[in-house]
Amino acid sequence: MLTTARLPMFTLAALLALVAAPTYAEPAVEPVMAGPAIGSVAPGVKLPGLDGQLVDLGEVYEAGDTVLVVLRGYPGYQCGICSRQVTAFLTVAQEFAKADVQVVMVYPGPTMGLSDKAEEFLAGKTLPEPITMVLDPDYAFTDAYNLRWDAPRETAYPSTFVIAKGGKIEWAKISKTHGGRADVQEVLGAL
């Protein structure tokens with residue numbers, strides 16, 4: 001039984017025990033990073049081209065250096081920033097050809113009507129060699145590359161990768177906004 005004389009001593013001991021007791025905190029949660037890391041091997045996904053023929057990205061990477069541009073597709077409208085980015089790449093297609101670099105643009109979205117939306121997006125544009133566009137129906141590519149922007153009226157994080165022959169990612173720029181994308185001169189400099 002505690003006496004009045006021992007109460008302050010007991011209270012002090014209890015407080016010291018609480019202070020000295022180990023504390024348990026929730027482990028820190030690392031933020032999820034979008035996209036494959038520089039130095040990793042790019043996943044070789046098979047996607048349909050605009051002509052319906054399957055394009056094996058693994059084979060494209062094995063054949064030579066590749067620039068991979070991930071667009072937003074059709075998030076309810078044709079993205080003006082995507083259109084400007086594609087136009088910038090088209091204007092320097094000859095530089096990519098001289099460098100013997102394949103440029104693959106990915107247009108993601110739900111399967112239903114995706115081909116029509118991609119054709120609408122490219123209206124008035126011609127894809128010169130070595131630029132090609134593939135479709136990403138139901139986000140198979142986007143999920144494999146961990147680039148899914150899973151929010152209302154969003155599809156994929158706009159991204160650009162420089163992939164060396166064999167598939168190693170040498171350079172990447174992933175935007176978590178509509179803007180902030182890789183500039184074509186930036187990409188040419190990374191080659």
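All of these numbers come straight from a predicted model, not from anything done at the bench. Counting begins at 1 with the first residue of the sequence.
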Trainee: Looking only at heavy atoms, what is the nearest atom pair of Pro128 and Leu90, with distance?
Mentor: CD-CD2, 3.6 Å
Trainee: Looking only at non-hydrogen atoms, find the nearest pair between Ala37 and Ser40 and report the distance.
Mentor: O-OG, 2.5 Å
Trainee: Considering residues, nucleotides and ligands other than Asp138, do more than 12 of their heavy atoms fall under 6.0 Å from its CG?
Mentor: yes
Trainee: I'd like to know if the side chain of Gln78 and the backbone of Lys117 have a donor-acceptor N/O pair within less than 3.5 Å.
Mentor: yes
Trainee: Are Glu129 and Phe96 packed together at the side-chain level, in the sense that at least one heavy-atom pair is separated by less than 4.5 angstrom?
Mentor: no
Trainee: Measuring only between side-chain heavy atoms, which start at C-beta, is Glu95 closer than 4.5 Å to Leu188?
Mentor: yes
Trainee: Linking I/L/V/M/F/W/Y whenever their side-chain heavy atoms sit closer than 4.5 Å, directly or via other members, would Met133 and Val45 fall into one cluster?
Mentor: no
Trainee: A side-chain contact here means heavy atoms from C-beta on lying under 4.5 Å apart; do Val86 and Leu71 qualify?
Mentor: yes
Trainee: For Ser83, is there any backbone N or O sitting under 3.5 Å from a side-chain donor or acceptor partner on Thr87?
Mentor: yes
Trainee: Heavy atoms only: give me the nearest Arg72-Ala156 pair and the separation to one decimal.
Mentor: CG-O, 3.8 Å
Trainee: Determine whether Glu154 and His178 satisfy the following criterion, side-chain contact (heavy atoms from CB on, under 4.5 Å), listing intermediate values before the conclusion.
Mentor: CA-CA 10 Å; Glu154 297 301 347; His178 297 167; 2.8 Å; yes
Trainee: For the atom pair CG (Leu68) and CD1 (Ile163), what is the distance rounded to the nearest 0.5 Å?
Mentor: 4.5 Å
Trainee: Other residues, nucleotides and ligands only: do more than 12 of their heavy atoms fall within 6.0 Å of CD on Glu186?
Mentor: yes
Trainee: Honestly curious: do Phe161 and Tyr61 fall in one hydrophobic cluster under the side-chain, below-4.5 Å linking rule?
Mentor: yes
Trainee: So Pro158 and Ile81, do their side chains get closer than 4.5 Å, heavy atoms only?
Mentor: no
Trainee: Please answer whether the main-chain N or O of Glu59 pairs with a side-chain N or O of Glu62 as donor and acceptor at a distance below 3.5 Å.
Mentor: no
Trainee: Could you walk me through whether Asp65 and Glu170 pass the side-chain contact (heavy atoms from CB on, under 4.5 Å) check?
Mentor: CA-CA 10 Å; Asp65 295 343; Glu170 299 280 321; over 6 Å; no
Trainee: Could you walk me through whether Tyr107 and Tyr74 satisfy the ring pair (Phe, Tyr, Trp, His ring centres under 6.0 Å) test, starting with their C-alpha distance in whole Å, then the side-chain angles of each, then the deciding distance to 0.1 Å, before giving a yes or no?
Mentor: CA-CA 8 Å; Tyr107 191 89; Tyr74 188 80; 7.8 Å; no
Trainee: Where do Leu127 and Thr132 come nearest, in terms of heavy atoms and distance?
Mentor: CD1-C, 4.2 Å
Trainee: Is the Tyr157 ring parallel, tilted or perpendicular to the Trp149 ring (thresholds 30°, 60°)?
Mentor: parallel
Trainee: Could you tell me if the side chain of Trp171 sits less than 4.5 Å from the side chain of Leu191, heavy atoms only?
Mentor: no
Trainee: Could you tell me if Thr66 and Lys165 have a donor-acceptor pair between their side chains, going purely by distance under 3.5 Å?
Mentor: no
Trainee: Measuring only between side-chain heavy atoms, which start at C-beta, is Lys173 closer than 4.5 Å to Val187?
Mentor: no
Trainee: Taking Thr177 for its side chain and Gly179 for its backbone only, find out whether a donor-acceptor pair lies under 3.5 Å.
Mentor: yes
Trainee: Please walk me through it: do Leu47 and Leu54 pass side-chain contact (heavy atoms from CB on, under 4.5 Å)?
Mentor: CA-CA 5 Å; Leu47 299 171; Leu54 278 182; 5.8 Å; no
Trainee: Heavy atoms only: give me the nearest Asp56-Gly44 pair and the separation to one decimal.
Mentor: OD1-O, 4.3 Å
Trainee: Show your working on side-chain contact (heavy atoms from CB on, under 4.5 Å) between Val104 and Val69 and close with a plain yes or no.
Mentor: CA-CA 6 Å; Val104 178; Val69 180; over 6 Å; no
Trainee: Checking the side chain of Gln102 only, and the main-chain atoms of Pro130 only, is there a donor and an acceptor separated by less than 3.5 Å?
Mentor: yes
Trainee: Rounded to the nearest 0.5 Å, what separates atom NZ in Lys168 from atom CD1 in Ile38?
Mentor: 10.5 Å
Trainee: Is any side-chain heavy atom of Lys46 less than 4.5 Å from a side-chain heavy atom of Leu57?
Mentor: no
Trainee: Would a hydrophobic clustering, with Ile, Leu, Val, Met, Phe, Trp and Tyr connected at side-chain separations under 4.5 Å, put Phe121 with Val103?
Mentor: yes
Trainee: Just by distance, do the side chain of Asp136 and the backbone of Ala140 share a donor-acceptor pair under 3.5 Å?
Mentor: yes
Trainee: From Lys176 NZ over to Ser159 OG, what is the distance, rounded to the nearest 0.5 angstrom?
Mentor: 9.5 Å
Trainee: Look at the side-chain heavy atoms of Ile, Leu, Val, Met, Phe, Trp and Tyr, link any pair under 4.5 Å apart, and say whether Val162 and Ile174 land in one connected group.
Mentor: no
Trainee: Provide the closest heavy-atom pair for Thr155 versus Gly73 in the form atom of the first, atom of the second, distance.
Mentor: OG1-N, 4.2 Å
Trainee: Would you say the side chain of Val70 lies within less than 4.5 Å of the side chain of Thr160, judging by non-hydrogen atoms?
Mentor: no
Trainee: Is there a path of hydrophobic side-chain contacts, each under 4.5 Å between heavy atoms, that joins Leu135 and Tyr139?
Mentor: no
